[in-house]
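Accompanying notes for the structure given below.
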Protein chains: 2
Amino acid sequence: MKNQSDAGLEARLTAPLEIMLASFAPIGIEGRDLVRRSFSGAPQHQPSGAAIPMDPERNQARLVASGWIARGAMLNDGRRQIIGLSLPGDVIVASGSVDADLLVWALTDVVTVDATAFWTTLSEPGAQASPLSEAWRRCRTAERLRMARQVVRLGRLNAYERTAHLLLELHERQVRLGTARGGALHLPLTQDVLADILGLSAVHMNRTLQQLRRNVLVDYRTGRTLLQDLPGLVQAANLSAVCGPLIPPP
Amino acid sequence: MKNQSDAGLEARLTAPLEIMLASFAPIGIEGRDLVRRSFSGAPQHQPSGAAIPMDPERNQARLVASGWIARGAMLNDGRRQIIGLSLPGDVIVASGSVDADLLVWALTDVVTVDATAFWTTLSEPGAQASPLSEAWRRCRTAERLRMARQVVRLGRLNAYERTAHLLLELHERQVRLGTARGGALHLPLTQDVLADILGLSAVHMNRTLQQLRRNVLVDYRTGRTLLQDLPGLVQAANLSAVCGPLIPPP
DNA sequence: CGAGTCTTTGATGCATATCAAGCTTAGTGG
DNA sequence: CCACTAAGCTTGATATGCATCAAAGACTCG
């Protein structure tokens with residue numbers, strides 16, 4: 001009985017991961033079941049704003065089951081930079097920061113599960129050639145690519161380009177998850193948070209969003225945003241935001 | 001005979017990797033030998049400025065045996081951003097960029113070897129618990145950490161802080177390799193390249209380096225740079241640059 | 001010794017930060 | 001149901017860090 005309810009619970013928790021993996025490469029029923037079997041720990045709930053404890057030694061990796069998470073750094077004088085966002089289906093790895101200057105916190109209410117077993121499973125010999133491991137490989141490559149593009153964004157794009165590019169990236173990720181349809185996506189981010197992702201001040205973030213609205217590219221509202229002109233955004237971004245093959249969700 | 005000379009050559013090619021791994025965790029004689037046995041392909045030479053071909057499918061990973069390599073992106077209007085530097089001992093992974101907007105090129109004359117076998121070896125079951133794999137894990141963690149810090153650097157540090165931080169990072173990496181002694185390090189980077197790492201213009205890069213010299217923190221010259229005041233630089237950087245445990249090279 | 005690649009310097013402009021204040025919205029308690 | 005509050009959004013004025021442009025010195029190398 002406990003097992004049964006657990007199985008149901010796990011299936012729900014891993015749903016975003018299954019969907020995202022399948023968007024990179026078909027993983028088959030076996031792949032799907034292997035994913036489900038790899039998560040058995042108790043889910044942890046964190047309220048919006050809470051820190052997510054990431055012990056670099058134990059507790060190596062956590063799967064985001066629902067909610068949005070920010071990984072970032074805080075300087076002594078209060079400046080804050082968000083390094084990346086983790087959405088449902090993403091796996092967060094402890095950065096093992098020596099000085100603990102890297103933080104992970106919840107942007108919304110969040111549910112996470114320990115992913116160490118999953119991590120290990122995909123490093124095992126048999127997994128090396130499976131369809132699942134191929135999807136996982138592409139998924140990790142996409143993550144590295146996103147990080148690389150975050151560097152380019154901050155280093156060489158202006159505020160307008162940065163914003164367009166970030167919105168396209170978040171759009172692609174949500175299309176993979178099946179939570180965005182035709183440019184409409186769920187964005188539970190305040191302009192403050194957006195600014196900390198893009199290395200801007202909150203004031204300038206606001207003005208940049210207004211500019212995008214004036215040019216009829218984006219209609220931004222907290223929680224519910226509409227990309228009105230995808231090709232226009234791609235042109236405005238000046239940098240590709242595509243992160244891998246995209247097999248549309250069913 | 002061929003085998004014998006090959007063995008000698010391979011030992012030399014992998015030397016930086018062995019040293020760097022050992023700086024993160026002791027790898028033992030077996031680890032060292034496993035590293036040496038994992039590289040058998042012909043070394044490739046590239047002159048300074050040449051592109052390093054990185055086929056995302058085959059040719060997954062390459063070890064830098066000597067020379068400096070830049071990974072970066074080029075925008076259509078000529079803006080360039082270097083995402084990271086690869087030094088001897090580093091392994092470059094194909095980003096599998098869909099749009100091929102990410103490039104890898106040689107900053108100096110360079111020798112690389114295919115590292116796919118090495119990569120695979122360390123994913124095998126037996127390797128999971130070996131000292132070598134522990135060193136490798138820490139090494140990869142350090143790389144992720146460096147990338148994260150590059151984001152913070154570009155997003156929230158000013159030119160002065162960025163420069164101090166980058167120099168500290170390069171210092172640490174060379175201390176690991178045993179190629180830096182007491183603040184003196186080898187920097188085969190033009191100010192142009194430094195600017196493209198730090199997201200600055202070459203002119204401002206120059207002025208920032210002068211400022212560091214005036215404050216007696218750094219004596220910069222292409223090819224040979226001296227960090228005159230490490231604690232001062234750490235303070236100026238405003239962000240930790242330490243990337244992992246540091247076991248001093250023998 | 002000439003030609004290219006780097007570095008340095010000065011003058012000017014712009015993108016973005018900062019400061020300060022009003023406004024809007026949603027949630028809370030009386 | 002209505003103050004009351006706090007969080008977020010918006011706007012204007014001002015300041016500044018860095019880019020850009022232009023040109024002149026330093027090096028290096030054939």
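Excluded from the calculations below are hydrogen atoms, water molecules and symmetry mates; all remaining heavy atoms, backbone and side chain alike, are included. Below, chain A is the first sequence line, B the second, and so on; all start at residue 1. What you see is a predicted model; the values in this text were computed from it and never measured.
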Inset, instruction - Starting at atom CG of L189(B), determine the distance to atom P of dT5(C), rounded to an integer number of angstrom. - result: 18 Å
Inset, instruction - Counting heavy atoms from C-beta on, name the nucleotide in dT7(C), dT8(C), dT16(C) closest to the side chain of N158(A). - result: dT16(C)
Inset, instruction - Check whether any side-chain N or O of T222(A) sits under 4.0 Å from OP1 or OP2 of dC9(D), and answer yes or no. - result: yes
Legend entry - Q228(A) and D219(A) side chains, donor-acceptor separation under 3.5 Å: no
Legend entry - R213(B) side chain near dT8(C) phosphate (N/O to OP1/OP2, under 4.0 Å): yes
Legend entry - Length of the CD-C1' vector between Q191(A) and dT11(D), whole Å: 13 Å
Legend entry - Atom-to-atom span, CZ of R162(B) to C1' of dG17(D) - whole angstrom: 10 Å
Inset, instruction - Nearest whole angstrom, please: distance from the C1' of dC9(D) to the CG of D219(A). - result: 15 Å
Legend entry - Whole-Å gap separating P (dT7(C)) and CG (L187(B)): 12 Å
Inset, instruction - Indicate, yes or no, whether a donor-acceptor pair under 3.5 Å links the base of dG10(C) to the side chain of R207(B). - result: yes
Inset, instruction - Figure out the CG/C1' separation between D192(A) and dA6(D), and round it to whole Å. - result: 14 Å
Legend entry - Nearest-neighbour nucleotide for the N206(A) side chain, dC18(D), dT7(C), dT11(D) considered: dT11(D)
Legend entry - Atom-to-atom span, CD of Q210(A) to P of dT11(D) - whole angstrom: 4 Å
Inset, instruction - For A202(A), answer base if it contacts any base atom (sugar-phosphate contacts may also be present), sugar-phosphate if it contacts only those atoms, and nothing otherwise; contact means non-hydrogen atoms under 4.0 Å. - result: nothing
Inset, instruction - Please say whether more than 12 non-hydrogen atoms of neighbouring residues, nucleotides or ligands are located less than 6.0 Å from CD in Q235(B). - result: no
Legend entry - Which nucleotide in dC6(C), dG8(D), dC18(D) has an atom nearest any side-chain atom of T190(B): dC6(C)
Inset, instruction - Assign G199(B) to base, sugar-phosphate, or nothing according to its heavy-atom contacts below 4.0 angstrom with the strands shown. - result: sugar-phosphate
Inset, instruction - Nearest-nucleotide wise, let me know which of V203(B) and T208(A) is further upstream toward the 5' end of DNA chain C. - result: V203(B)
Inset, instruction - Measure the shortest side-chain to side-chain distance between L168(B) and L230(B) over non-hydrogen atoms and say whether it is less than 4.5 angstrom. - result: yes
Legend entry - For the student: nearest non-hydrogen atoms of M205(A) and T163(A), plus distance: CE-OG1, 3.4 Å
Inset, instruction - Let me know the distance between CG of D196(A) and P of dA17(C), rounded to the nearest Å. - result: 11 Å
Inset, instruction - Kindly indicate whether the side chain of L200(B), heavy atoms from C-beta on, has any atom under 4.5 Å from the side chain of R162(B). - result: yes
